[in-house]
Protein chains: 2
Amino acid sequence: MDAGMGPPPVTGAARRDSTASILAAAERIFSRRGFEGARMADIAAEAGLPKANLHYYFGTKDRLYRAVLEDIIRQWLDTAAHWIVPERAPAEALAGYVRAKLADARIRPGASRIFAGEVLRGAPLLMPFLVDELRRRVAAMAAVIEGWAARGLMDGVAPAHLFFCIWAMTQTYADFDVQVRAVLGPEAGEDSVFAAAEATVTRLVLRGCGVRDSVTEMS
Amino acid sequence: MDAGMGPPPVTGAARRDSTASILAAAERIFSRRGFEGARMADIAAEAGLPKANLHYYFGTKDRLYRAVLEDIIRQWLDTAAHWIVPERAPAEALAGYVRAKLADARIRPGASRIFAGEVLRGAPLLMPFLVDELRRRVAAMAAVIEGWAARGLMDGVAPAHLFFCIWAMTQTYADFDVQVRAVLGPEAGEDSVFAAAEATVTRLVLRGCGVRDSVTEMS
DNA sequence: ACCGAATCTGACCGAATGGTCAAGATTCCC
DNA sequence: GGGAATCTTGACCATTCGGTCAGATTCGGT
C-alpha cells in the first residue's frame, strides 16, 4: 500500500472535502464496474467534480484505486481484531464477528465488492498484503481458535478454513446481493433478509464448530 | 441467454476446433481480467489464433462472453439438480453437493470466477436468469429441504440462505484461491487444502443443519 | 488589501482497443 | 476436378479513455 506521493504533500482545507467525495464516488463506481470497467469520467460525474480534479488529488486511476482499497483493508482488519480475541468466549466472539461482518456487508457493500474484485483478478495489488499482514493476522486468530479448542470450549476445526468460510458466507451478502435479491424476490425486505442471514450463518458456524454454551440454541 | 446469431448459421468441421479453443481461451482470460479487463487480442493469443478469427465466429466481445457464461450456467444447474433431490438422504445429498461444488471449484476455477465477476457487476447479463430460472430452481430445492425437515431428518433452516452459504463457502475456494493460497502458504499442497476445505464446509453444513445420521461424525 | 500558494477546470492529446474488410487459403460436395 | 461455401488473416479505422497543461480562481496569512 501507499506508493510515492500525489502532487502537493501539504495539508489543505478544501482538500478534505474534495478527496472525501472523490473517494466515496470512487468506491461506488469501482464496486460495480471493477477497476477496468470504471471510468474516471464517471467517478468525476458521481463526485460532482471535473475529471481533472481527480487527477489533481490522486494523480492516476491506479493511485485512486489504491487509496480506496487501503481504506477498505483497514476496516476489514479492525473488525477481526476486535472480535477474535482470547478473552471472549467462542460463542460471543464468533457470533459477534459474524454479526459485525454482516453489518459491514449491509452498510458498505461496495467495499466488500471492491475487495472481491481485486482478489478475483489475482490480487495484483493486494498480494503483498495477503502474504504478509493477512497471513500473520490469520495465524494469530488461528491461535485464538486453537486456544478455545484446547480449553474444550469448542471442537477442533481447521482455523484458517473456518475463517475462509465465515468470510465467504458473510461477504456473499454484499458481493452477491443481486443474486440474493433475485432469488428471494422483491417481497423480501432488507431487514428480514439480513435477519435470516444472520440466523443461518451464526447457526452454521456455532453448531459447525461445536461451540458449547451455544447462545443461539434455536432461532 | 442466447441473443441473435453469429455469422453463418450452418455447421462446419474446423468450426468445432476453433470455437472450442476460443471458448477455452476466453474462459481463462475473462476469469482473471473480468469482462472489461479482458482484451480480445489476449484471448486470441491465448487461443493461438488471429484476433479477426474470434470475430468471425462470435461477432462481438459481448457475444463471446455470453457464450462462455451460458456454458458455465449449464454446469452450475446440472450439479444442483443432480444432488438436491428428495430421494436422497440429507447427509448424502448435502455432502455430495458440497463435494461436487468443491471439485468444480478445483477443476474449473475460471468458471466460478467469471460467474462471480458477472454477479459482482450487478449481473447485467445474468439478471433474467437469476430472476427466472435460478429463482425457480431454488424454490424447488427449498421444497426438498423442507421435506427433509418435515420428515425429521434435519432441522428447519431457511433453505435459500442455506444455499447461499453453501455456494459462498464452496465457490470461495475458486474465486478467492489467491487469498487461500497466500494465507495457507506455499507449503500447503492442493490436495491437503481441498481435503481440509471439504471437511470444514461439510462439517459446518451438516452440523449446522442438524442432519441426523451424520456420516461425518468426526473428521 | 495584498500576495503567494493551493485549488479548480476546460480544452486538448496519444495510445490502446473493439471491430471491419477484402483478399487469399482450404474444405466440401457433386 | 472444379466451383462454391467456409474459413483464415493482416492491415486498417473510429472511438474511447486516461492523462496533461496552462490559464483562471479562491484561500490563507499578514
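Just so it is clear, the model here is predicted, and its values are computed rather than measured. Here is the naming used below: chain letters follow the sequence lines, and residue numbers restart at 1 for every chain.
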**Request:** Determine, using ring centers only, whether A/H161 and B/F194 are less than 6.0 Å apart.
**Result:**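 No, too far apart.
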How long is the line joining [atom1] of [X] and [atom2] of [N], in whole Å?
X	N	atom1	atom2	answer
A/D42	D/dG19	CG	P	14 Å
A/R39	C/dT17	CZ	P	11 Å
B/M40	C/dT17	CE	P	13 Å
B/L64	C/dG19	CG	P	10 Å
B/N53	D/dT9	CG	P	6 Å
A/L54	D/dC17	CG	C1'	13 Å
A/K61	D/dT20	NZ	C1'	17 Å
B/D62	C/dG19	CG	P	8 Å

**Asked** Tell me, do B/L126 and B/R121 make a side-chain contact under 4.5 Å, heavy atoms counted?
**Response** no
**Message:** Regarding A/A38, tell me which of base, sugar-phosphate or nothing describes its non-hydrogen contacts under 4.0 Å with the strands shown.
**Reply:**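 Contact class for A/A38: sugar-phosphate only.
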Proximal nucleotide (of [options]) relative to the [X] side chain:
X	options	value
B/R15	D/dC7, D/dT20, D/dT8	D/dC7
B/P50	D/dG10, C/dC8, C/dT9	D/dG10
A/A52	C/dG10, C/dT20, D/dT9	C/dG10
B/T60	C/dG19, D/dT6, D/dG18	C/dG19

**Pair of N/O donor and acceptor under 3.5 Å linking C/dG19 base with B/K51 side chain** = yes
**Message:** Please determine whether a side-chain nitrogen or oxygen atom of B/S18 lies at a distance below 4.0 Å from atom OP1 or OP2 of D/dT8.
**Reply:** yes
**Asked** Reckon A/Y56 has a side-chain N or O less than 4.0 Å from the OP1 or OP2 of C/dC8?
**Response** no
**Request:** Could you check which nucleotide pairs with D/dG23 in any of the strands shown, counting Watson-Crick or G-U wobble with both distances under 3.5 Å?
**Result:**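 Pair assignment: D/dG23 / C/dC8.
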**Request:** Establish, for the pair B/K101 and B/W83, whether the NZ or CZ atom is under 6.0 angstrom from the six-membered ring centre and no further than 45 degrees off its axis.
**Result:** no
**Prompt:** CZ/B/R106 to CD/B/E190 distance, rounded to the nearest 0.5 angstrom?
**Reply:**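 It is 5.0 Å, given to the nearest 0.5 Å.
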**Request:** Identify whether the distance between the nearest side-chain nitrogen and carboxylate oxygen of B/R137 and B/E133 falls below 4.0 Å.
**Result:** yes
